[in-house]
Amino acid sequence: MELVKQFQVDTRTENNLTSAYKHVLFLEFIHNCHPQLSHKTFLKSIVYDVLSSITAILNKRERYLHLNFRSMIEHVARISLQKVDNGGDFDITVRTVDFENLKATNTTENWQYMHSQYKQACGWLHSSSKVKLNITASFPELLHSDSRSNAAKLSTHLQKMTTETLKIIFNYYVDEIQTCFYRTRGEMRYVVGNHNFEHFVSIHQ
């Protein structure tokens, strides 16, 4: 929070970035608490994606933010699909058919939202006309900023992404989460937020 304050962002942005960071702390804790955790590389990569997203917002790099969003969605999809990297070129590739399968079969997870965000992120990366990249910007302009949206809007987007990611993660690491926070439910509530905590408790009594 002290590091974020140095960027002199507004209160809404600061709160959203703090919330996303706390979600990362939760994932990092689960990762470190269970050395034999399944798909731990994907989980750790989500941590990296969220931290990189925060830096993208603070440094006004909106396109880079969407790169991180796409990566984050792919990693959580790999966990949901139980993909395993066996060294093959396409072992962990996430295709459109995978998203359609997730939407059809994992109905308790918000894959409709995640897939829409994935397609939007791809639009940013592939210079879709829908996102209207600032392709006429000069080098000095890009040094200053490469963001069309303000930090408050982008941080709200990130906080929504991490919330939906947590709700999916909750379904795959129930025992690990309950073991880590068996006697410290208040700490879990603090890092994931009251809404997410109540969601976990309601589906995993």
Query raised in the report: Is the closest side-chain donor-acceptor distance between His75 and Arg78 under 3.5 Å?
Result: yes

Query - Side-chain donor or acceptor of Lys22 paired with backbone N/O of Gly193 under 3.5 Å - result: no

Report task. State plainly whether one hydrophobic cluster holds both Tyr64 and Ile73, where clusters connect Ile, Leu, Val, Met, Phe, Trp and Tyr through side-chain heavy atoms under 4.5 angstrom apart. Result -> no

Query - side chain to side chain contact (heavy atoms under 4.5 Å, CB included), paired with His23, selected from Thr163, Val50, Val191 - result: Thr163

Query raised in the report: Side-chain heavy atoms under 4.5 angstrom apart, residues restricted to Ile, Leu, Val, Met, Phe, Trp, Tyr: same cluster for Leu37 and Val84?
Result: no

**Report entry** Shortest non-hydrogen separation from Ala77 to Leu102 and the atoms involved
**Finding:** CB-CD1, 4.1 Å

Query raised in the report: Would you find more than 12 non-hydrogen atoms of other residues, nucleotides or ligands less than 6.0 Å from Gln112 atom CD?
Result: no

Query - Atom pair OG1/CD of Thr162 and Gln159 - distance to nearest 0.5 Å - result: 5.0 Å

Query - Side chain to side chain, His126 and Ser128, heavy atoms closer than 4.5 Å - result: no

Report task. Fit a plane to each ring of His115 and Phe99, take the angle between them on a 0 to 90° scale, and name the class: parallel (under 30°), tilted (30 to 60°) or perpendicular (over 60°). Result -> parallel

Query raised in the report: Asn196 side chain to Val192 main-chain N or O, any donor-acceptor pair under 3.5 Å?
Result: yes

Query raised in the report: Should Met188 and Phe200 be marked as a side chain to side chain contact (heavy atoms under 4.5 Å, CB included) after you check the CA-CA gap, both sets of side-chain angles, and the distance that decides it?
Result: CA-CA 10 Å; Met188 180 178 172; Phe200 179 82; 3.6 Å; yes

**Report entry** Derivation of the salt bridge (Lys or Arg N to Asp or Glu O under 4.0 Å) call for Glu100 and Lys103
**Finding:** CA-CA 5 Å; Glu100 295 304 327; Lys103 285 186 283 187; 3.2 Å; yes

Report task. Would you kindly confirm whether Ile177 and Val76 end up in one hydrophobic cluster when ILVMFWY residues are joined by side chain heavy atoms under 4.5 Å apart? Result -> yes

Query raised in the report: How many angstroms lie between atom OG1 of Thr105 and atom CH2 of Trp111, to the nearest 0.5 angstrom?
Result: 10.0 Å

Query - Derivation and outcome, side chain to side chain contact (heavy atoms under 4.5 Å, CB included), residues Cys122 and Arg70 - result: CA-CA 7 Å; Cys122 288; Arg70 187 174 82 159; 3.5 Å; yes

**Report entry** Closest non-hydrogen atom pair between Glu164 and Met114, with its separation
**Finding:** CB-SD, 4.2 Å

Report task. Please name the pair of heavy atoms, one in Ser147 and one in Arg61, separated by the smallest distance, quoted to 0.1 Å. Result -> CB-N, 4.5 Å

Query raised in the report: Under 3.5 Å, side chain of Gln8 to main-chain N/O of Lys5, donor-acceptor pair present?
Result: no

Query - NZ or CZ of Lys83 within 45° of Phe42 ring axis and under 6.0 Å - result: no

Report summary line: Closest heavy-atom pair, Ile169 versus Leu27, reported as atoms and distance to 0.1 Å, is CG2-CD2, 4.0 Å

Report task. Give, for atom CG of Leu158 and atom CD1 of Ile57, the distance between the pair rounded to the nearest 0.5 Å. Result -> 4.5 Å

Query raised in the report: side chain to side chain contact (heavy atoms under 4.5 Å, CB included) between Asn101 and Leu81: does it pass, once the steps are laid out?
Result: CA-CA 9 Å; Asn101 180 52; Leu81 294 164; 4.1 Å; yes

Query raised in the report: Would Tyr113 and Leu154 show up in the same hydrophobic cluster when neighbours are defined by side-chain heavy atoms closer than 4.5 Å?
Result: yes

**Report entry** His204, NE2 atom: more than 12 neighbouring heavy atoms under 6.0 Å
**Finding:** yes

Query - Modelled atom types, side-chain donor and acceptor of Asp10 and Thr13, under 3.5 Å - result: yes

Report task. Sort out for me which residue in His31, Glu28, His39 forms a side-chain hydrogen bond (donor to acceptor under 3.5 Å, both in side chains) with Lys44. Result -> Glu28

Query raised in the report: Can Cys180 and His34 be said to form a side chain to side chain contact (heavy atoms under 4.5 Å, CB included), step by step?
Result: CA-CA 9 Å; Cys180 285; His34 296 279; 3.4 Å; yes

Report summary line: Here the pair of heavy atoms bringing Ala121 nearest to His66 is CB-O, 3.4 Å

Query raised in the report: Taking the six-membered ring for Trp, is the centroid-to-centroid distance between Tyr190 and Phe181 below 6.0 Å?
Result: no

Query raised in the report: Which pair of non-hydrogen atoms, one from Leu58 and one from Phe7, has the smallest distance, and what is that distance?
Result: O-CD2, 3.7 Å

Query raised in the report: Donor-acceptor pair, Ser71 side chain versus Leu67 backbone, under 3.5 Å?
Result: no

**Report entry** Any donor-acceptor N/O pair, Asp49 side chain to Met72 backbone, under 3.5 Å
**Finding:** yes

Report task. Could you verify whether a donor N or O on one side chain and an acceptor N or O on the other, from Tyr172 and Glu109, lie under 3.5 Å apart? Result -> yes

Requested in this report: Step through it carefully: locate the ring centre of Phe69, locate the ring centre of His157, and say whether they are under 6.0 Å apart.
Outcome: yes

Query raised in the report: Out of curiosity, Thr165 OG1 to Lys160 NZ, how far, rounded to the nearest 0.5 Å?
Result: 10.5 Å

Query raised in the report: Side chains of Thr18 and Val4: does their closest heavy-atom pair fall under 4.5 Å?
Result: no

**Report entry** Nearest-0.5 Å distance that lies between atom CZ in Arg148 and atom CZ in Arg63
**Finding:** 12.5 Å

**Report entry** Hphob cluster co-occupancy, Leu65 + Leu51, side-chain heavy atoms under 4.5 angstrom
**Finding:** yes

**Report entry** Spacing of Asp98 atom CG and Tyr118 atom OH [to the nearest 0.5 Å]
**Finding:** 9.5 Å

Query raised in the report: Taking Asn59 for the side chain and Thr55 for the main chain, is one N or O donor matched with an acceptor at less than 3.5 Å?
Result: yes

Query raised in the report: For Arg12 and Thr156, does a side-chain donor sit closer than 3.5 Å to a side-chain acceptor?
Result: yes

